[in-house]
Asks: 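The structure under discussion is supplied below as structure tokens; questions concerning it will follow.
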Amino acid sequence: MLDIKLLRENPEAARQAAVKKRMPDRQAAVDRALSIDAELRELLPRIDAMRSEQKTAGKAMGKLSPAEREAVLDGQKRLKAELQQLEEREKQLRADLQAQLALVPNLPDPDVPDGKDDTENVETKRHGTVPQFAFEPRPHYELAEAQGWVDFTRAAAMAGSRNYMLFGDLALLHDAVLRFAVELMVGRGFVAVDPPLLVRDAAMYGTGFFPGGEEQTYRCEKDGLNLIGTAEVPVTSLHGGEMLAEDELPKKYVARSACFRREAGTYGKDTRGLYRVHQFQKVEQVIVDVADKARSIAHHRDIVQNAEDLLQAFELPYRIVAVCGGDLGVPQAMKYDIETWMPSRGNYGETHSASRFYDYQARRLDLRYRPKDGGKPLFCHTLNNTVAASPRILIPLLENHQQADGTVRVPKALQPYLGGRAVLGKPQR
RNA sequence: GGAGAGGUGGCAGAGUGGCCGAUUGCGUCACCUUGCUAAGGUGAUGUACCGGUAACGGUACCGGGGGUUCGAAUCCCCCCCUCUCCGCCA
């Protein structure tokens, strides 16, 4: 969330943030928060003064004789009753303020392009050559089904739509991709993490998914736990409530986890194949560092580069887009998506999403550090990006590297993870 | 799931109704001192909010939430977490 002080000093910036992000309902939260804050600031000095009086008199009472005590008791009781009413109001206001503040979106950085939705994202880079096939290329689902690598029909029968089962070489490729991703990041100094998949509301709230993302989330009501949609949630929350030393920053983590998304409201979208599914595996990079915008921006470049290096190792054409205001989420200050060429779509499809938040998540998570110079504790900055999400990344791998006989070429970088094999699948003809 | 023990400041660990925002130790910072492989001395050192240009003043916070009381770290209730034992289990 944003600092209430920022709202007081520059409410227009917060309103404009909601406008740029195309979140009209969230815009109203700014003014609601400010009016609650104003009432609270009128109330607090009165409460403080009364408490001060109560405390002083109460302390003195300990030293009084029983008779003298009787004399002040009545006044104390009246004060207490009055105070209780005001305190109730204070509690209500604080809760309301918190609720409204939680709705105010993070300020988009100036380098976020204007735009209403993903069609207005701005391409900033293109890498690799889109393949030209001398034969009729097949979409990944046809290719994989022909090889016996995937079963959508039976998976849907037992688990519902948007489910799949991987078999044989494709199951192995899936795992190879994820292992490659983890090792790439470990080689760059990131600490491997295997996080919880079920988390409390506080973690969802702290990372900015709640309130707002409840419909996207599978929930175990009985235990009050939520299945994560990304390892960003448990890993960014890891140090929530802590006071870190500046010396231990930056914290760099790479987490491999299953991810679960209800995909509510996407009926009829991307229904075929492995693109949009309820459950997948993802390797995610997360950085927690000091409150320094320039460093955050540098980290942002680095984590995008990490993903680019993976795609280049996989010999896949991709492009990078700067996500526009209307397509930006509540907590992000700036986001790059990396889209990889998917022949069946005749287009690039999102495979990575790199976000920087500054202190928006850290503030919600109460994630702070003590600066070396001995200054006041500050909220950390957080960032994250996909390294590899599978099976979605299998789409470009299968489709770009398919061969005329229905087999699939394995990029050199992945061969060591597949027993040295250069080709997957049996020739179809 | 059952029984018990515990959660206190950056960390460790005292404190069982007013003298406690909290002894002490470690760590950190500042200054001083010292010529035998870097040790010793002195002092400072929680966070947040409100008011104030500031100095400063006030309030809240001892896992979280409620309650008792004029007054709660301390007593009562609920929840969460950690540890030990039993049961169950991948």
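Naming: A, B, ... by sequence-line order, numbering from 1 per chain. Not measured: the values here are computed from a predicted model.
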Asks: Rounded to whole Å, please give me the gap between CE in M243(A) and C1' in G27(B).
Replies: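 Roughly 15 Å, once rounded to whole Å.
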
Asks: Rounded to the Å, how far apart are I47(A) CD1 and G51(B) C1'?
Replies: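 Between C1' of G51(B) and CD1 of I47(A): 15 Å.
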
Asks: Tell me, with the steps shown, if T230(A) and F209(A) meet side chain to side chain contact (heavy atoms under 4.5 Å, CB included).
Replies: CA-CA 10 Å; T230(A) 162; F209(A) 287 92; 3.8 Å; yes

Asks: Could you tell me how far apart E90(A) (CD) and A48(B) (P) are, to the nearest whole angstrom?
Replies: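 E90(A) atom CD is separated from A48(B) atom P by 18 Å.
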
Asks: Is R363(A) close enough and on-axis enough to Y358(A), meaning under 6.0 Å and within 45°, for cation-pi?
Replies: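 No, cation not above the ring by the 6.0 Å, 45° rule.
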
Asks: Using only side-chain N and O atoms of K372(A), determine if any of them is under 4.0 Å from OP1 or OP2 of U28(B).
Replies: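 For U28(B), OP1/OP2 do not have a side-chain N/O of K372(A) under 4.0 Å.
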
Asks: Without decimals, in angstroms, what is the distance between L244(A) CG and C11(B) P?
Replies: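 Distance check: L244(A) CG to C11(B) P gives 11 Å.
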
Asks: So how far is it from T236(A) OG1 to E284(A) CD, rounded to the nearest 0.5 Å?
Replies: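 Rounded to the nearest 0.5 Å, the OG1-CD separation comes out at 7.5 Å.
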
Asks: Once you apply a heavy-atom cut-off of 4.0 Å, does K80(A) come out as touching a base, just sugar-phosphate, or nothing?
Replies: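 Base contact.
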
Asks: Please confirm whether the shortest side-chain N or O distance from R41(A) to OP1 or OP2 of G51(B) is below 4.0 Å.
Replies: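 Affirmative; the distance criterion is met.
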
Asks: Using 4.0 Å as the upper bound for N to carboxylate O, is an ion pair formed by K20(A) and D109(A)?
Replies: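 Between K20(A) and D109(A) there is no salt bridge, as every charged N stays at least 4.0 Å from the carboxylate O atoms.
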
Asks: Please state whether the phosphate of G58(B), meaning OP1 or OP2, lies under 4.0 angstrom from any side-chain nitrogen or oxygen of S52(A).
Replies: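 So the side-chain polar atoms of S52(A) never come under 4.0 Å of the phosphate oxygens OP1 or OP2 of G58(B).
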
Asks: Please report the distance separating the P of G6(B) from the corresponding atom of G63(B), rounded so that it comes out in whole Å.
Replies: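 Looking at atom P only, G6(B) and G63(B) are 14 Å apart.
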
Asks: Among G58(B), C50(B), G10(B), find the nucleotide with the atom closest to the side chain of P45(A).
Replies: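 Within the option list, the nearest is C50(B).
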
Asks: Let me know, please, whether R200(A) or E53(A) comes out on the 5' side of the other along RNA chain B by nearest nucleotide.
Replies: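 Its nearest nucleotide being more 5', the pick is E53(A).
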
Asks: Check whether any side-chain nitrogen or oxygen of R370(A) sits under 4.0 Å from OP1 or OP2 of U45(B), and answer yes or no.
Replies: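 So the side-chain polar atoms of R370(A) never come under 4.0 Å of the phosphate oxygens OP1 or OP2 of U45(B).
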
Asks: Of all the nucleotides listed (G10(B), G66(B), C70(B)), which has the minimum atom distance to the side chain of K91(A)?
Replies: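 Minimum distance to the K91(A) side chain belongs to G66(B).
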
Asks: Compare the minimum distances between each of G71(B), U47(B), U59(B) and the side chain of K376(A), then state the nucleotide with the smallest one.
Replies: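 Given the options G71(B), U47(B), U59(B), the side chain of K376(A) is closest to U47(B).
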
Asks: Going by side-chain contact (heavy atoms from CB on, under 4.5 Å), name the residues that satisfy it together with A313(A), two or more places apart in sequence or in a different chain.
Replies: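 By the side-chain contact (heavy atoms from CB on, under 4.5 Å) rule, A313(A) matches F180(A), A413(A).
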
Asks: May I ask you to decide whether D74(A) forms a salt bridge with R78(A), counting only side-chain N to carboxylate O separations under 4.0 Å?
Replies: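 Looking at R78(A) together with D74(A), the answer is no, because their closest N to O distance does not fall below 4.0 Å.
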
Asks: Send over the distance from D223(A) CG to G1(B) C1', rounded to a whole Å.
Replies: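 D223(A) atom CG is separated from G1(B) atom C1' by 14 Å.
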
Asks: Could you measure between the two C1' atoms, the one in U24(B) and the one in G9(B), and give it in whole Å?
Replies: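 Here U24(B) and G9(B) have their C1' atoms 13 Å from each other.
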
Asks: Could you give the CD-to-P distance, from E88(A) to G66(B), as a whole number of Å?
Replies: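 Taking CD of E88(A) and P of G66(B), I get 10 Å after rounding.
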
Asks: Any base atoms under 4.0 Å from K5(A), or only sugar-phosphate, or nothing? Heavy atoms, all strands.
Replies: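 Counting heavy atoms under 4.0 Å across all strands, the contact made by K5(A) is with sugar-phosphate only.
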
Asks: Convert the base pairs of RNA chain B into dot-bracket notation, remembering that pairs crossing earlier ones are written with [ ] and that bases paired across to another strand are shown as |; include only Watson-Crick or G-U pairs under 3.5 Å.
Replies: ((((((((.[[[..)..(.....]]]((((((.......))))))((((((....)))))).[[[[[..)....]]]]])))))))....

Asks: Which heavy-atom pair separates A231(A) from K282(A) by the least distance, and what is that distance?
Replies: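 Taking every non-hydrogen atom into account, N-NZ, 4.2 Å.
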
Asks: Within this structure, what is the CG-to-P distance between L93(A) and C49(B), rounded to whole angstrom?
Replies: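 After rounding, the reported distance stands at 17 Å.
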
Asks: Looking at every strand, decide which applies to R8(A) at a 4.0 Å heavy-atom threshold: base, sugar-phosphate, or nothing.
Replies: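 If one applies the 4.0 Å heavy-atom cut-off, R8(A) turns out to touch the sugar-phosphate alone, with no base involved.
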
Asks: What's the gap between G58(B) and G21(B) when it is taken at their P atoms, as a whole Å value?
Replies: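 It comes out at 12 Å once rounded to the nearest Å.
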
Asks: Where the side chain of L44(A) is concerned, which of G10(B), C49(B), G71(B) is the nearest nucleotide?
Replies: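 Per side-chain heavy atoms of L44(A), the pick is C49(B).
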
Asks: Any idea which of G58(B), A48(B), C80(B) is nearest the R368(A) side chain?
Replies: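 Looking only at heavy atoms from C-beta outward on R368(A), the closest nucleotide is A48(B).
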
Asks: Please report, rounded to the nearest Å, how far the C1' atom of G67(B) is from the CD atom of E87(A).
Replies: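 Taking atom C1' of G67(B) as the reference, CD of E87(A) is at 14 Å.
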
Asks: Looking at CG of L394(A) and CZ of F280(A), how far apart are the two atoms once the value is rounded to the nearest 0.5 Å?
Replies: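 With rounding to 0.5 Å, CG (L394(A)) is 12.5 Å from CZ (F280(A)).
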
